[in-house]
Every structure is written in structure tokens, then in C-alpha cells.
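Read the numbers this way: they start at 1 and go in the same order the structure lists the ligands and their atoms. In what follows, residues are counted from 1 in the order of the sequence shown.
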Amino acid sequence: MKSGMSDDISTNLAIRAQGLSKRFGALLAVDNVELRVPRANVYGFLGPNGSGKSTTIRMLCGLLTPSAGEIEVLGLRIPEQAEALRRKIGYMTQKFSLYEDLTVRENLEFLAEVQGLPRARRKARIDALIEAYDFADRQKQLAGTMSGGQKQRLALAGAIVHAPELLFLDEPTSAVDPESRRDFWEKLFDLADAGTTILVSTHYMDEAERCHRIAILETGRLVADGTPAQLTRALAGRTLGVRAPEPRRAQSVLQKMSGVLSVAQIGNALRVLTAAGLDAVTLSARLRETGIEATVAAIEPNLEDVFVSATRHDGTEMAA
Ligand SMILES: Nc1ncnc2c1ncn2[C@@H]1O[C@H](COP(=O)(O)OP(=O)(O)OP(=O)(O)O)[C@@H](O)[C@H]1O
Ligand SMILES: [Mg+2]
């Protein structure tokens with residue numbers, strides 16, 4: 001484990017935030033968050049609606065001034081050095097912000113201009129993006145006439161037209177189909193492979209699963225942080241599969257049982273997440289006391305279990 005903070009700062013961390021808070025009137029939208037995002041990682045940002053993901057991202061980009069805390073991004077102090085950061089980062093939200101009345105190529109040309117890409121390099125860069133992002137046959141198509149998945153791909157190409165070192169993506173895939181999401185994630189890994197750091201917020205567990213590391217926010221607080229494997233491993237023994245003759249009845253009994261954090265029916269079986277200490281044998285015995293003969297066995301925890309456990313108020317906090 002690393003101890004001193006100063007030696008990581010400009011070397012292997014792209015983002016470091018400490019004590020980061022944001023208050024909007026009476027609401028503490030981000031509450032004392034500490035983040036460390038390693039370079040060239042795909043870092044996932046999870047949390048229920050309103051948990052402070054977008055607010056945190058906007059502070060890290062220098063778009064919003066924190067109420068308290070320290071931020072260092074790519075070695076720059078934010079918000080003080082936000083202007084110098086602008087050219088080094090890309091930012092894309094679910095609203096894609098394309099110019100619908102411009103063609104594919106014109107959108108990229110416009111963004112290259114805005115980002116101050118030297119004129120001499122512009123054409124080669126745009127040609128390369130058009131090729132890599134599969135727009136060779138559509139360069140002259142108006143952006144507004146493309147499908148959701150194509151628009152999203154163009155928005156990503158636009159966000160990286162200046163080859164940023166760091167990319168902030170705020171729910172970039174919320175409006176597209178599973179195939180497009182997969183393609184999009186392949187592009188993200190290509191970028192990370194080439195050294196780009198990516199911070200991406202998402203509500204999709206399959207996307208979270210693919211990240212190098214994830215952080216989970218709940219009402220502005222960081223409640224979990226680690227690799228997907230570390231976080232799921234920390235729940236070992238706490239996810240149980242229950243098979244009972246009457247699953248709906250077993251579910252209603254389980255939901256009222258102390259130590260049970262959540263119960264979900266999956267087909268004919270129940271998936272139960274428990275607080276630490278409630279194991280399969282105990283659960284089975286407790287069900288028997290209510291007249292339910294069930295088979296209970298430990299099953300592999302997944303990230304959804306991690307999410308539920310981290311965002312339930314009675315769940316124990318996790319850090320890895
Ligand atoms: N400019 C603002 N003024 C007042 N309140 C704000 C402002 N921006 C955000 N908030 C509030 O801060 C809280 C966190 O919002 P934020 O948009 O960061 O959540 P989120 O995690 O991105 O949610 P979602 O998953 O829905 O996108 C919410 O309660 C929101 O209403
Ligand atoms: Mg948001």
C-alpha cells in the first residue's frame with residue numbers, strides 16, 4: 001500500500017481529490033469525498049440518482065467551484081488552474097451536444113477549432129477519427145439525422161478531437177441500445193490502452209463490471225471504492241440463493257427478517273443479500289421456524305449486490 005501522498009501526485013494519479021464538498025443552499029450535494037484515479041484507468045462512478053456524481057465531475061473539470069476541499073487533476077490545482085486544464089481534458093454528457101445542422105465532418109472541424117487544434121494537424125486528425133469511428137460513408141450526413149448510437153459515437157469522437165489525456169463521461173450511454181453500448185466501451189478501452197484516463201458515470205452494472213476501479217456515491221458520500229473484484233470479494237458469504245416451494249411467500253418473510261438487506265426473485269429462486277453474520281445455515285433455520293422448508297446456499301456476489309449493500313443505509317461501509 002502506498003502511504004505518502006506527494007509521490008503519487010504527478011506520477012501515477014490523474015485525479016486526486018481530498019475533502020471535496022459542494023453545498024447548494026441547505027443541501028450538501030457532495031460530502032467530504034476523497035478520490036484517487038490512476039492514470040490510463042477506466043474509473044467508474046456509480047450512485048443512485050441525485051447522489052452527487054455529476055456535481056463531483058463538474059468540480060473535477062473546473063466547471064463548478066467546490067465549497068471545500070482540494071483537487072489536483074493532471075498535476076494542476078483546480079479550480080485555480082482550470083484554464084490550463086481545459087485543453088487536456090474531454091467532457092461528454094448524456095446530452096451529447098452536437099450541432100444537428102452540421103455534418104459529421106463539420107462537427108469535428110468545429111470542435112477542433114474550438115479546442116485550438118493547430119490548423120496543420122486538423123485534417124489528418126479528423127480523417128483518422130472518421131476512419132476509426134466508422135464515419136467514412138457518412139461524413140456529409142447531417143448529425144441531426146443520425147441514429148442515437150451514431151450520435152453518441154460522434155460525440156465521443158468530438159470529445160477526443162484534441163487527444164485529451166483525461167476524459168470525463170457523464171452517463172454517456174444512457175440513451176443507446178446494448179450493441180452500441182458495447183461498441184462504445186470497446187472505444188473506451190482503446191483510449192485507455194493508448195494512455196487516456198477515463199472517468200465515467202453509469203447506472204449500468206455490466207459497464208461498472210468492466211471498469212478497472214469503481215467508486216460508489218450515496219447522498220454525496222463516498223461509500224465504496226476499489227476494483228470490482230475487491231468489492232465483490234468483500235461480500236463473500238453474504239449473498240445467498242434460496243429455493244422454496246412458494247417463493248413469493250418466502251420473499252415476504254425474508255423481507256421482514258432482521259439482517260436481510262434485500263431480496264430479489266430471479267426466476268423461481270430468491271437472491272438474498274444479508275448483513276455480515278447471517279449465513280446460509282442460520283437463514284435456513286430461521287425460515288424453518290416460520291414453516292418454510294428452503295434450500296439455502298451461498299452464491300457468488302456481483303456488483304449489483306455491492307451497489308445495494310453500499311447504498312442501503314443499514315449496509316456496512318466498504319473500502320478496498
Ligand atoms: N446547481 C444546483 N443547484 C442546486 N442543487 C443542485 C445543483 N446541481 C445539483 N444539485 C443537487 O445536488 C444533488 C446531486 O445532484 P447530481 O446531479 O450531482 O446527482 P447525480 O448523482 O449526477 O444524479 P443522476 O444519477 O440523476 O444524474 C441533487 O439533489 C441535485 O438536485
Ligand atoms: Mg448526473
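Residue-to-ligand polar distances place Gly52 within reach of ligand 1: an N/O pair is separated by less than 3.5 Å. Considering backbone and side-chain N/O of Thr55, one or more are found under 3.5 Å from N/O of ligand 1. Of the polar atoms of Gly47, none of the N or O atoms is found under 3.5 Å from an N or O of ligand 1, judged by distance alone.
Of all atoms in ligand 1, numbered sequentially from 1 with element shown, those under 4.0 Å from a heavy atom of Ala29 are 12 (O), 13 (C). Set against the non-hydrogen atoms of Glu171, the atoms of ligand 1 under 4.0 Å away are 24 (P), 25 (O), 27 (O). Of all the atoms in ligand 1, the ones that sit under 4.0 Å from a non-hydrogen atom of His203 are 25 (O).
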Problem - salt bridge (charged side-chain N to carboxylate O under 4.0 Å, His left out) assessment of Glu34 paired with Arg36 - result: CA-CA 7 Å; Glu34 169 158 353; Arg36 288 155 156 259; 3.8 Å; yes

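Here Asp127 pairs with Arg105 in a salt bridge; the nearest charged N to carboxylate O distance falls below 4.0 Å. Under a 4.0 Å N-O distance rule, the pair Glu100/Lys151 qualifies as a salt bridge. At a threshold of 4.0 Å, the pair Asp31-Lys22 does not count as salt-bridged, since none of the basic side-chain nitrogens sits closer than that to a carboxylate oxygen.
Neither the backbone nor the side chain of Leu217 comes within 4.0 Å of ligand 1, counting heavy atoms alone.
For atom 25 (O) of ligand 1, the closest heavy atom belonging to the protein is Lys53 NZ, 2.7 Å. The protein heavy-atom contact nearest to atom 14 (C) of ligand 1 is Gly50 O, 3.4 Å. Of the protein's non-hydrogen atoms, Ser54 CB, 3.7 Å is the one closest to atom 17 (O) of ligand 1. Scanning the protein for heavy atoms near atom 3 (N) of ligand 1, the closest one is Phe24 CD2, 3.4 Å.
When the heavy atoms of Thr202, Leu46, Leu27 are ranked by distance to atom 11 (C) of ligand 1, first place goes to Leu27. Nearest-heavy-atom check against atom 26 (O) of ligand 1 across Thr93, Asn49, Asp170 picks out Asn49.
Between the side chain of Asp193 and the backbone N or O of Phe189, no donor-acceptor pair lies under 3.5 Å. Judged purely by atom type and a 3.5 angstrom limit, Arg87 uses its side chain to pair as donor or acceptor with the backbone of Gln115.
Phe135 carries Arg153 over the face of its six-membered ring, with the cationic atom under 6.0 Å from the centre and within 45° of the normal.
Looking at every heavy atom in both residues, Ser51 comes nearest to Lys53 through OG-NZ, 3.6 Å. Closest non-hydrogen pair, Ser201 versus Pro172, comes out as O-CD, 3.6 Å.
Residue Ser54: an N/O/S atom is found under 2.8 Å from the Mg ion (ligand 2).
Atom CZ of Arg23 is separated from atom OG1 of Thr55 by 13.5 Å, given to the nearest 0.5 angstrom.
Remark: atom 20 (P) of ligand 1 lies closer than 4.0 Å to at least one protein heavy atom.
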